[in-house]
J.: 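For reference, the structure I am asking about is given below.
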Amino acid sequence: GAVVSQHPSRVICKSGTSVKIECRSLDFQATTMFWYRQFPKQSLMLMATSNEGSKATYEQGVEKDKFLINHASLTLSTLTVTSAHPEDSSFYICSARALSRDGEQYFGPGTRLTVT
Amino acid sequence: GQQVMQIPQYQHVQEGEDFTTYCNSSTTLSNIQWYKQRPGGHPVFLIQLVKSGEVKKQKRLTFQFGEAKKNSSLHITATQTTDVGTYFCGSTGANSKLTFGKGITLSVRP
């Protein structure tokens with residue numbers, strides 16, 4: 001099956017610093033990747049849709065200047081949390097939709113961000 | 001994405017019992033996808049249903065899409081402890097955005 005990786009799996013950073021999270025599709029090409037955030041015992045909330053070669057589309061309420069998304073290639077999307085605050089602490093998960101598979105999305109293992 | 005609802009959010013069953021959960025929408029859905037997330041893990045795709053009245057089986061799991069394409073069910077026969085986790089349904093719109101329900105967390109008493 002299709003594999004999506006994320007790096008790092010866990011990160012602890014100080015308030016005010018920036019953190020970059022990478023999402024890679026390892027064995028397929030993904031023109032579209034999605035970034036989700038999940039708080040404990042809650043569902044996944046879509047933050048933005050990352051499109052290769054173009055600007056990301058952000059969901060309502062998500063600050064595009066705070067959560068910078070870059071989709072530089074068909075296999076890599078990055079999410080940078082800028083000027084992180086403790087309330088940004090969460091589980092960030094990316095997913096990718098394979099062009100060859102109808103509608104199916106493959107999720108990365110997630111990144112646990114803790115801002116102190 | 002298209003709005004879907006899952007109620008309740010938690011259910012506890014005795015090992016060996018059957019389990020059924022539902023996913024509902026007020027609008028007609030283009031598809032339904034089901035995912036399972038184990039504690040501490042990430043969502044894993046289980047199935048997609050597209051056709052009205054469609055039924056698909058995966059071992060002890062049976063998935064059904066309603067005739068009106070406004071609801072879906074997941075039925076697990078004879079639950080096992082390996083079935084624990086949170087089951088999310090979701091649906092994609094024309095832009096491929098996947099909207100999840102709140103999920104139902106299943107616990108199984110051995």
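Atom set for the values below is all heavy atoms of this structure, side chains included, hydrogens, waters and symmetry mates excluded. Every chain is numbered from 1 and lettered A, B, ... according to where its sequence line falls, protein lines coming before strand lines.
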J.: Using heavy-atom distances under 4.5 Å, tell me whether A/Leu44 contacts chain B through its side chain, its backbone, both, or neither.
T.: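 Backbone plus side chain of A/Leu44, per the 4.5 Å heavy-atom cut-off to chain B.
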
J.: Is the terminal nitrogen or CZ of A/Arg112 (NZ for Lys, CZ for Arg) located under 6.0 angstrom from the six-membered ring centre of A/Phe91 and within 45° of that ring's axis?
T.: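 A/Arg112 over A/Phe91 ring: yes.
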
J.: Tell me, for A/Thr32 versus chain B, whether the close heavy atoms (under 4.5 Å) come from the side chain, the backbone, both or neither.
T.: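 Contact with chain B: none, neither part.
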
J.: Do the rings of B/Tyr35 and A/Phe107 sit parallel, tilted or perpendicular, given the 30° and 60° boundaries?
T.: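 It falls in the perpendicular class, over 60°.
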
J.: Below 4.5 Å from any heavy atom of chain A, which atoms of B/Gln37 appear? Answer side chain, backbone, both or neither.
T.: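 Contact with chain A involves the side chain of B/Gln37 alone.
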
J.: Heavy-atom pairs under 4.5 Å with chain B are the metric here; pick the option from A/Gln38, A/Met45, A/Lys41, A/Gln42 that has the most.
T.: A/Gln38

J.: Locate the shortest heavy-atom distance separating B/Val108 from B/Gln14; write the atom from each residue and the value.
T.: CG1-C, 4.3 Å

J.: Please report the shortest heavy-atom distance between B/Gln33 and B/Thr92, naming the atom on each side.
T.: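 It is NE2-CG2, 3.9 Å.
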
